[in-house]
Amino acid sequence: MRNLFNFLLKYFSVLFFLILEIISFSLIISSQSYQRAHFFSSSNTVVASIYQTGNSVVEFFKLKTSNENLSEENTQLKNEIIALKRQLSAFEMQKSDSSELRLAPETAYRYISAKVINCSTSKMQNYITLNKGMRDGVRKNMGVISEEGAVGIVIDVSDKFSVVIPIINTKLLISSKFKRNNYSGTLTWSGVNSRFASLNDIARHVEFSKGDTLITSGFTPSFPENIPIGFVDDFHIDPSDSYYTIKISLAVDFKTLAHVKIIDYSNFDEQTTLEKSVQN
Amino acid sequence: MLQKILQNILLFVALVLIQVLVLNNIQFLGFVNPYIYILFLLSQPVKQPRMLTLTLAFMLGITIDIFSSTLGIHAFATVFVAFIRSGVIKLFFSIDEGFNPSPSFFSLGVGVYIRYVSVIVVIHHILLFTLEAFSFANFGFVLLKALLSAIITILLILGTQSFNKK
């Protein structure tokens, strides 16, 4: 009897092992597609608040670079304001009645500024946690940018925190185009180096050169047009290929990322429902 | 007994915090990321009931997973090494009847302990990095990453053990 009991115990531990492995593996499979809800992710309140405490120490060391970036952006914005004021006064002189002026619908967005409280760069599937959530107006699928350029897309939101899937995650594909000729392609990240990504669907006839700027295409409602993504670092094409292999050096250095802006596009729902109704 | 449990809980929390707050931010050479939390599993008593070891391993793995938004990956790898652990110990060391040591330099001997840690950590890391990539494209690079990270993890674990005077 005792032997039987021992045998069952031994057998049960193997069964238990298999059950645990199957649970883990199905969790891995279900989190393979990034659109799926992440129930247990770093937007979880307990996890995020631990990260926030840890980050308050680290942030001190990033202050200098982020200050420099901010002041640079500040000057740029001030210049823009001056230019815009000049244009506005010119228009006001032309037209006394401004009621006919209407904003193009795709430009109706505002920014929510947020702080990065956790960011990995060394993995294949990197994620970023931000300290803004639903109560600050953050929703799924919003684009995230920093002063340097595009960062990623919000995939999960809790009340106070949100998780972003950055460009340096092998699951995210970003629609991009060349600034100089509007030719668009899909940017992918191979998982090797956090400074570089690749662009593999640019046809042979397209003209471009090293140093060309790659910007967001504006075809996805998450990002407005004209946000820098990166620069052409190197490219080559085999005689038999019809597409270039292009190495893009990313505009954002994810290792020093500290402050970001979340793009709140007010016509998001209207645009996506309209697009979906056509597809179905 | 109670002291043992408290000690284990403390070790668990300390290792998880060190892992997610410090080590996950260290990127030596840009991609080497040591996973020292496995030390918790490595230092469980040799003859601990298997079900308990497996449960602890799953809890440890899933905790790390929640913190790094990689659901299931750490849990899978950690449960796997928890399962093969007693086999690996038996490979290098014969345990006397009625004797149930927690593996360390002193209970197993330096040579055996280093071999035991190395085998477990290397298997754990290779499994972990392969699952993280979830494809065999770039497998050479994944393997290189896994092995370099494993070396750092082994050195860190042996470093903490040399402080442990008992």
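Atoms considered below: every heavy atom in the structure, side chains included; atoms not considered: hydrogens, waters and symmetry mates. Below, chain A is the first sequence line, B the second, and so on; all start at residue 1. Being a predicted model, the structure only gives us computed values, none of them experimental.
- Shown here are the side chain to side chain donor-acceptor pair (under 3.5 Å) partners of A/Lys261, two or more places apart in sequence or in another chain: A/Glu73.
- In this structure, chain B has a heavy atom under 4.5 Å from the side chain of A/Ile23, while its backbone stays farther away.
- Every residue was checked against the side chain to side chain donor-acceptor pair (under 3.5 Å) condition with A/Glu68, not counting sequence neighbours, and none meets it.
- Within the model, atoms CG of A/Leu20 and CG of B/Leu54 stand 6.0 Å from one another, a figure rounded to the nearest 0.5 Å.
- Between the CE atom of B/Met51 and the CG atom of A/Leu15 there is a distance of 8.5 Å, given to the nearest 0.5 Å.
- Taking the six-membered ring where tryptophan is involved, the planes of A/Phe17 and B/Phe83 are essentially parallel, since the angle between them stays under 30° and well short of 60°.
- Residue B/Ala75 comes nearest to A/Ser24 through the heavy atom pair CB-OG, 3.7 Å, listed as atom of the first residue, atom of the second, then distance.
- With a 4.5 Å cut-off on non-hydrogen atoms, B/Val142 touches chain A through its side chain but not through its backbone.
- Crowding of A/Phe196 atom CZ: a count of heavy atoms from other residues, nucleotides or ligands under 6.0 Å exceeding 12.
- Within 6.0 Å of the NZ atom in A/Lys115, the count of heavy atoms belonging to other residues, nucleotides or ligands exceeds 12.
- Between A/Ile29 atom CD1 and B/Leu71 atom CG the span is 12.0 Å, to the nearest 0.5 Å.
- Looking at B/Thr63, neither its backbone nor its side chain comes within 4.5 Å of chain A, counting heavy atoms on both sides.
- A distance of 8.5 Å separates CD of B/Glu132 from OG1 of A/Thr170, quoted to the nearest 0.5 Å.
- Atom NZ of B/Lys47 sits in a crowded spot, with more than 12 heavy atoms from other residues, nucleotides or ligands closer than 6.0 Å.
- Proximity to chain A is absent for every atom of B/Phe129, based on heavy atoms less than 4.5 angstrom apart.
- In this structure, CZ in B/Phe76 is found 11.5 Å from CG in A/Leu27, a value given to the nearest 0.5 Å.
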| side-chain contact (heavy atoms from CB on, under 4.5 Å) assessment of B/Phe67 paired with A/Asn118 | CA-CA 10 Å; B/Phe67 274 99; A/Asn118 180 36; over 6 Å; no
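- Not a single donor-acceptor pair under 3.5 Å links the side chain of A/Lys123 to the backbone N or O of B/Asn33.
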